[in-house]
Amino acid sequence: MKVTINDVAKYAGVSIKTVSRVTNNEPSVRQATIDKVNQAIAALNYQPNVAARNLAGTKSYVIAFVYDNPNAYYVIDMQNGILSSCKQRGYELLIHPCDAKSENICQELVDMVRHARLSGLVLTPPLSEDPKVLAALDQINANYVRIIAGEEVSPSDGLSILVNDKHGAISITQHLIDLGHKNIAFLSGDHQHESTKERLAGFKAALQSNQLSLDESNIINGQYSFESGVEGAKTLLTKANRPTAIVACNDEIAAGALFAARLAGVAIPEELSIVGFEDSPFSRQTWPKLTTVHQPNKLIAQTATELLIENQGNKQSETTHQVFIPEPVLRDSSASPRA
């Protein structure tokens, strides 16, 4: 027999209304009562019916994860992080991949919010950085949290998680400079993502702070993909003054660059150092394993979801945010250049 809310109320010695208030995280319930109800829920293995709660009240218990990102590892980490927080708080997760470049993206998201009766959205780049998307969601008073690239919080950021990509790029470039590299190239991701701009800014800042000249031909525009890394590295490897190190905008690009170097017979890291960004499984599956920058995407997603749930309908209050600072992870793909 399926355990019901009546069973929980009887076990805990409280009313059905009290159990409902506890499972809905409503305020003004004594901690002793919350503990008693939660103990009953655990003992009986009670699973609240989210669909029934949505239908019965005005509050929704569905959160949407909205993304446009070709990196499957990034998407899985974000999804698992959001799902973890949703399960802890009694929410369901709706996964919504989309095309951020679509002319109808704003209407698509507005329709989804209305039809799915969403409690809120977790927005990831580039959607979280698109003013048109944010304006459309604000117009219908949708709740959302943004995961964005940046160093400092602005009052206009609203509920947000910032990832200091610039700091991470400075640190990983400085690692190469400390090894003795001076001719360093950069393989870019899609410039629709602010993270690309921030990582490039960090790369340039590290060169400048070490009085190293920037060769603009060493900056190769591309996409966040393995194939982009392959093509970008091929371009760099044909240069007369070939770089001794490459900073890739993410691990997938770095893995592609590593593959291109192998095809060209270039030894890693003896003849060419390659570093990535994000510390995805790609960085540990290559040979040699990639030096990279650790970005805790699952934890970022968990934190974003917690902020969203805790600040329902509170977007006009003081900005709530958290900043994550990516740090280098040194492995086997970087070494001092040959003399």
Side-chain angles (χ1 to χ4, degrees), residues 125-126 129 148-152 163-225 227-258 260-261 264 266-279 283 290-295 325-330 333-339:
E129 299 159 343
I148 55 179
E151 299 178 79
E152 298 180 358
V163 181
N164 193 337
D165 289 281
K166 183 177 180 180
H167 171 89
I170 290 173
S171 298
I172 199 65
T173 307
Q174 186 64 51
H175 161 67
L176 293 173
I177 294 171
D178 290 343
L179 288 173
H181 293 279
K182 296 180 179 179
N183 186 6
I184 307 172
F186 184 87
L187 294 180
S188 172
D190 190 332
H191 279 269
Q192 189 181 10
H193 292 254
E194 285 298 320
S195 59
T196 300
K197 302 172 187 177
E198 290 291 316
R199 293 171 192 180
L200 178 56
F203 170 76
K204 290 180 176 180
L207 295 183
Q208 184 175 16
S209 66
N210 287 274
Q211 291 79 49
L212 294 178
S213 59
L214 173 64
D215 181 353
E216 290 290 347
S217 69
N218 273 348
I219 298 176
I220 308 296
N221 291 326
Q223 306 293 321
Y224 281 110
S225 70
E227 294 77 15
S228 181
V230 172
E231 294 306 314
K234 284 181 178 179
T235 299
L236 292 171
L237 293 174
T238 58
K239 292 185 64 178
N241 184 25
R242 192 175 76 190
T244 62
I246 294 174
V247 175
C249 220
N250 77 346
D251 294 331
E252 201 167 352
I253 296 171
L258 184 62
V266 176
I268 308 297
E270 293 83 3
E271 296 179 87
L272 177 67
S273 289
I274 298 175
V275 300
F277 206 111
E278 289 180 11
D279 195 21
S283 66
L290 283 169
T291 291
T292 187
V293 180
H294 178 63
Q295 182 173 300
I325 301 178
E327 296 291 350
V329 178
L330 307 184
S333 67
S334 56
S336 298
R338 284 181 173 175

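For reference, positions follow the sequence shown, starting with 1. It should be emphasised that the depicted structure is a prediction, and the values quoted were computed from it without experimental measurement.
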Going through the distances and angles, do L176 and V275 end up as a side-chain contact (heavy atoms from CB on, under 4.5 Å)? CA-CA 9 Å; L176 293 173; V275 300; 3.9 Å; yes
Pairwise distance CG(N250) to CG(D279) - rounded to 0.5 angstrom: 12.0 Å
What's the separation between atom OG in S188 and atom CG in L200, rounded to the nearest 0.5 Å? 6.5 Å
Can a side-chain donor-acceptor contact be found between N210 and Q174 if the only test is distance below 3.5 angstrom? yes
Any side-chain to backbone donor/acceptor pair from Q211 onto S209? Under 3.5 Å, distance only. yes
Check I184 against F203 and note the closest heavy-atom contact, atom names and distance. O-CZ, 3.4 Å
Using a strict 4.0 Å threshold on nitrogen-to-oxygen distance, state whether E278 and R199 make a salt bridge. yes
Give me the atom names and distance for the closest heavy-atom approach of Q295 to D165. OE1-OD1, 3.5 Å
How many angstroms lie between CD1 in I246 and CD1 in I268, if you round to the nearest 0.5 Å? 7.5 Å
With D215, which residues qualify under side chain to side chain donor-acceptor pair (under 3.5 Å), at least two apart? S217, K239
Per-pair distances, 0.1 Å, donor-acceptor, side chain in residues 230-237, under 3.5 Å, sequence neighbours excluded:
unit_1	atom_1	unit_2	atom_2	d
T235	OG1	E231	O	3.2

Side chains of F186 and C249: does their closest heavy-atom pair fall under 4.5 Å? yes
Counting only heavy atoms from other residues, nucleotides and ligands, does the tally under 6.0 Å from CD of Q208 exceed 12? no
Would you give the length of the straight line joining atom CD1 of I148 to atom CD of E198, rounded to the nearest 0.5 angstrom? 9.5 Å
Verify the distance criterion only: is there a donor paired with an acceptor across the side chains of H167 and E327 at less than 3.5 Å? yes
Which atom of E194 lies closest to which atom of A149, heavy atoms considered: C-CB, 3.9 Å
Reported CD1-to-NZ distance for the pair I170 and K166, which is rounded to 0.5 angstrom: 5.5 Å
Taking S283 for the side chain and T292 for the main chain, is one N or O donor matched with an acceptor at less than 3.5 Å? no
Shortest non-hydrogen contact from P328 to I172? CB-CD1, 4.0 Å
Drop me the distance from H181's NE2 to L212's CG, to the nearest 0.5 angstrom. 12.0 Å
Sequence neighbours excluded, which residues qualify as side chain to side chain donor-acceptor pair (under 3.5 Å) partners of T196? Y224
Are T291 and S334 linked by a side-chain donor-acceptor pair shorter than 3.5 Å? yes
For residues S213 and L207, report the shortest heavy-atom separation together with the two atoms involved. O-CD1, 4.5 Å
Which atom pair, heavy atoms only, marks the closest approach of T244 to K182? OG1-N, 4.5 Å
